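Have a look at the structure below before the remarks.
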Amino acid sequence: MEKLRILHTNDLHSHFEHFPKIGRYLHEAQKDQSVDQVFTFDAGDFMDRSHPLTDATYGQANIKLMNSFHYDAITIGNNEGISNSHEVVEHLFDHAKFPVILANLREEDESMPHWAVQNKIITTKKGTRIALIGLTAAYPLSYEPNHWHVKMLKETMDDVLPKIAGQYDVLILLTHVGLNMDEFLAKNYPQIDLIVGGHTHDLLKHGKRVNGVWITQTGKWGNYVGNTYVEIDDQHHVKKITPHVEPTSLMKEHNGDIETILSYCECGKEILSREQVANLPEKYDDDYEATINVSMDAIADFAKTDLAMLSTGLFLQPFKRGILTKYDLQVALPHSMHVVRSKLKGKDLWRLVMEIEKNRHYLDHFHLQGMSFRGKIFGQMHYRGIKFDPISRIVYVKGKEIDPAKEYEIAVLDHYVLVPFFPTLAIVGDNKFLFPQFLREVIGDYLAKKYPINRK
């Protein structure tokens, strides 16, 4: 009989406040002599550029810390693959001391990324062959503009499984596809023994068994660490899998943890504060209205449109007069969002405005999480080039009543395409996702041109 212990994390999202505890827990567990072998995996979204240190180092600080956790393998999430430019991802793992398993992402020429392998076979000390397959969320609308080709899950599994047939005794998937898709995989591929998953932040304290396949997730942000035991008989067949999680809150805090955590923020702040962006005039001093208006000008300029819209909840703080740094932009707009140019017929643009106005008071104080949003409430929607008469329900575009048959282009965010409040954008919008710049980078570039710093 062979007993394995599998430690796992997912959706850490640069929540470095838990890293000292997680690191100590993993190091201690990796020395466990009560089992034959210990493996450590991560299921993606280990980085999040809403944290200043991650943003300042383009994720290299995360890689350094993950190296210290001694992972045996990881896969990537959308925060690695989509929230970074193609160039950043190409070099993200230059110094990684762990393999990246990823079967469903390719370069545009269909070659494998040089930093990943589609699968890996690990042989335990007792001769059990463990096959690892990695899968990330298949978002073609976001991956394709970033010069990647992402493959659908079924297509990928149907391609990989026949190639490794007969080469493994145990099949483990590292997935960042969400619980629903993990269940899909379990129902359609019963040869899987264990899915170490992430993406939807589900906390499965004792795992979930679907069609004989165990699925485990640890929620989000490092609040829990996965701790799964696998028992294998002498013929290398899995006899028992026991998933559970360990709450980070119950792990002992050490002297110096708080200073370490604060140093991560301070280091990121110091790096980003050195990069000056623009010199803003007095009208921007703590003025939300001016901040939002110039930001709409920025995304309209970037998307080459006359129309734009942004919501107040995006802005965690307004701009201030004087020197604006990358740190100021990061604090004000921590979201990993991209600009979208959406083409709509007049009748559909009218409908979009109606959806916004119908939901306006509801969204003003609506607490929102996910879909790249790192604020608290959605807030009020502001328009550029659009006016709405609530009495007549007439929409005016650049001072003229909207033409139902005419095509209009408006600068929006991928966030607005993803949230459920404005279905018109997702259903009938001809949406062009504009990469690689984030929203804050687009606004920063515009302000740098409009209000340049006079350098002597």
Side-chain angles (χ1 to χ4, degrees), residues 4-32 38-48 50-51 53-54 59 61-81 83 92-93 96-102 120 122 132-137 172-179 182 194-208 214-230 241-251 257 260-261 264:
L4 305 178
R5 185 176 180 183
I6 295 177
L7 309 170
H8 51 95
T9 54
N10 61 268
D11 296 279
L12 294 174
H13 283 277
S14 293
H15 275 259
F16 296 132
E17 67 270 22
H18 294 312
F19 275 39
K21 288 183 175 182
I22 292 173
R24 284 193 298 270
Y25 175 81
L26 293 177
H27 294 160
E28 187 64 28
Q30 286 159 355
K31 295 183 289 186
D32 187 355
V38 181
F39 295 100
T40 309
F41 303 129
D42 182 81
D45 271 7
F46 57 83
M47 66 176 286
D48 194 313
S50 62
H51 192 287
L53 182 60
T54 301
N62 298 68
I63 297 297
K64 185 176 180 180
L65 288 166
M66 291 181 75
N67 283 340
S68 73
F69 288 175
H70 306 305
Y71 285 104
D72 291 286
I74 73 159
T75 195
I76 72 165
N78 47 291
N79 267 272
E80 289 81 57
S83 295
L92 181 60
F93 301 101
K97 296 178 181 178
F98 46 80
V100 181
I101 317 294
L102 185 57
K120 184 177 178 66
I122 298 175
L132 300 174
I133 298 175
L135 299 168
T136 195
I172 298 176
L173 267 56
L174 308 181
T175 70
H176 194 85
V177 300
L179 184 56
D182 281 341
L194 174 66
I195 298 175
V196 176
H199 185 47
T200 45
H201 298 181
D202 289 284
L203 176 60
L204 306 178
K205 288 188 175 181
H206 302 288
K208 183 174 185 178
W214 278 103
I215 302 170
T216 181
Q217 287 195 31
T218 66
K220 62 183 180 180
W221 302 350
N223 293 328
Y224 294 84
V225 176
N227 189 17
T228 297
Y229 290 90
V230 182
I241 294 178
T242 310
H244 69 280
V245 298
E246 303 289 346
T248 311
S249 61
L250 298 182
M251 298 175 189
D257 282 0
T260 298
I261 293 161
Y264 296 145

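Please read these numbers as outputs of a predicted model, since none were measured by experiment. No hydrogens, no waters, no symmetry mates; every other heavy atom, side chains included, goes into these values.
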Kindly compute the distance separating [atom1] ([X]) from [atom2] ([Y]), expressed to the nearest 0.5 Å.
X	Y	atom1	atom2	answer
Phe46	Ile76	CZ	CD1	8.0 Å
His51	Asn62	NE2	CG	8.5 Å
Thr75	Asp45	OG1	CG	10.5 Å
Glu28	Met251	CD	CE	11.5 Å
Leu135	Leu102	CG	CG	7.5 Å
Asp182	Ile195	CG	CD1	4.5 Å

Is it the case that the side chains of [Y] and [X] hold a donor-acceptor pair, with the cut-off being a distance below 3.5 Å and no angle test?
X	Y	answer
Asn223	His18	yes
His70	Thr40	no
Asn78	His176	yes
Tyr264	Ser14	no

Can you give me the closest heavy-atom contact between [X] and [Y], atom names plus distance?
X	Y	result
Ala43	Gly198	CB-N, 4.2 Å
Lys205	Tyr224	CE-OH, 4.0 Å
Pro20	Thr260	CG-CG2, 4.5 Å
Met47	Gly59	CE-CA, 3.7 Å
Gly226	Thr218	N-CG2, 3.3 Å
Phe19	Leu65	CD2-CD1, 3.8 Å

request  = Please report the C-alpha distance between Tyr25 and Asn227 in whole Å, then the side-chain angles of each, then the deciding distance to 0.1 Å, and finally whether the side-chain contact (heavy atoms from CB on, under 4.5 Å) criterion is met.
outcome  = CA-CA 11 Å; Tyr25 175 81; Asn227 189 17; 3.3 Å; yes
request  = Check each of Val230, Ile133, Ile6 against Ile172 using the side-chain contact (heavy atoms from CB on, under 4.5 Å) test, and report the only one that passes.
outcome  = Ile6
With a 4.5 Å heavy-atom cut-off, do [X] and [Y] have their side chains touching?
X	Y	answer
Trp214	Thr228	no
Ile241	Thr216	no
Phe98	Ile63	yes
Phe41	Leu132	yes
Asp257	Arg24	yes
His199	Val177	no
Asn10	Val196	no
Leu4	Val38	no

query = For His27, does the NE2 atom have more than 12 heavy-atom neighbours from other residues, nucleotides or ligands under 6.0 Å away?
reply = yes
message = Using 30° and 60° as the class boundaries, would you call the ring planes of His15 and Trp221 parallel, tilted or perpendicular?
response = parallel
request  = Anything under 30° is parallel, anything over 60° is perpendicular, the rest tilted; go ahead and classify Tyr229 against His244.
outcome  = parallel
inquiry  = Could you check whether Lys220 pairs with Asp48 (Lys NZ or Arg NE/NH1/NH2 to Asp/Glu carboxylate O, under 4.0 Å)?
reply    = no
inquiry  = Could you check whether any side-chain N or O of Gln217 sits under 3.5 Å from a backbone N or O of Gly178, counting only pairs where one atom can act as donor and the other as acceptor?
reply    = no
